[in-house]
**Student:** 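This is the structure, below, for whatever I ask next.
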Amino acid sequence: MIRIYGIKACDTMKKAFIWLDQQGIAYEFHDYKKAGAPPQLEQWIKTLGWDNVINRRGTSWRKLPEDQREAMNARSAAAAARVNPSLIRRPLVEYGGGLLLGFDADEWAQKLA
């Protein structure tokens, strides 16, 4: 079974849930709004890079002070995401073969189906 991380109300998450359900793929969902950032956040950042794990296009990023954004590194990214999990790009999927970041139906079909 896979585990998908994100925020239930996010439009991209909704697309991901629909795709998973249509493919008949069982999953567990970790909602950042209810459960916070997971313990493996630092490992995700180490594996994928903070600049990939942190969503730099969203409003949560833009709300950070400019000096904090400019000085961001792996350590400060993890700290910021622990305080505000909405900074984490979504969806993030853990599956037997690794991690998927963002929703791409073709990539998901290759990796998950």
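The chain is numbered in sequence order, starting from 1.
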**Student:** At what distance, to the nearest 0.5 angstrom, does OG1 of Thr47 lie from CD of Gln40?
**Tutor:** 10.5 Å
**Student:** Would you mind reporting whether Ser86 and Ile7 have side-chain heavy atoms less than 4.5 Å apart?
**Tutor:** yes
**Student:** Would you mind reporting whether Ile88 and Tyr32 have side-chain heavy atoms less than 4.5 Å apart?
**Tutor:** yes
**Student:** Is any side-chain N of the basic residue among Arg3 and Glu28 closer than 4.0 Å to the acidic one's carboxylate O?
**Tutor:** yes
**Student:** Starting from the C-alpha separation in whole Å, work towards a yes-or-no answer on side-chain contact (heavy atoms from CB on, under 4.5 Å) for Met72 and Leu64.
**Tutor:** CA-CA 10 Å; Met72 190 70 65; Leu64 292 175; 3.9 Å; yes
**Student:** Looking only at heavy atoms, what is the nearest atom pair of Ala81 and Leu87, with distance?
**Tutor:** N-CD1, 4.1 Å
**Student:** So how far is it from Leu99 CG to Asn52 CG, rounded to the nearest 0.5 Å?
**Tutor:** 11.5 Å
**Student:** Which atom names give the shortest non-hydrogen contact between Ala16 and Ile4, and what distance separates them?
**Tutor:** CB-CD1, 4.0 Å
**Student:** Of Phe103, Phe17, Tyr27, which meets ring pair (Phe, Tyr, Trp, His ring centres under 6.0 Å) against Trp108?
**Tutor:** Phe103
**Student:** Please tell me if the side chains of Leu92 and His30 come closer than 4.5 Å, counting only heavy atoms from C-beta onward.
**Tutor:** no
**Student:** Kindly indicate whether the side chain of Glu42, heavy atoms from C-beta on, has any atom under 4.5 Å from the side chain of Arg82.
**Tutor:** yes
**Student:** Indicate the atoms forming the closest heavy-atom contact of Pro91 with Thr12, along with that distance.
**Tutor:** CD-CG2, 3.7 Å
**Student:** Is Trp61 linked to Met13 within one hydrophobic cluster, defined over Ile, Leu, Val, Met, Phe, Trp and Tyr using a side-chain heavy-atom separation of less than 4.5 Å?
**Tutor:** no
**Student:** In terms of hydrophobic clustering (I, L, V, M, F, W, Y; side-chain heavy atoms under 4.5 Å; direct or indirect links), are Phe29 and Tyr95 co-clustered?
**Tutor:** yes
**Student:** Let me confirm one number: the CD-CD distance from Glu70 to Glu66, rounded to the nearest 0.5 Å.
**Tutor:** 4.5 Å
**Student:** Is the count of non-hydrogen atoms from other residues, nucleotides or ligands lying under 6.0 Å from Arg75 atom CZ greater than 12?
**Tutor:** no
**Student:** Do Leu101 and Trp44 sit in one hydrophobic cluster, given that two such residues count as connected whenever their side-chain heavy atoms are within less than 4.5 Å of each other, even indirectly?
**Tutor:** yes
**Student:** Between atom NZ of Lys8 and atom CG of Asp31, what is the distance when rounded to the nearest 0.5 Å?
**Tutor:** 7.5 Å
**Student:** Find the distance between CG (Leu48) and CG (Leu100) and round it off to the nearest 0.5 Å.
**Tutor:** 9.5 Å
**Student:** For residues Leu41 and Ala78, report the shortest heavy-atom separation together with the two atoms involved.
**Tutor:** CD2-O, 3.6 Å
**Student:** Mark yes or no: Arg56 above the aromatic ring of Trp50, with NZ or CZ under 6.0 Å from the six-membered ring centre and no more than 45 degrees from the axis.
**Tutor:** yes
**Student:** How long is the span from the CG atom in Asp51 to the CG atom in Asn73, to the nearest 0.5 Å?
**Tutor:** 11.0 Å
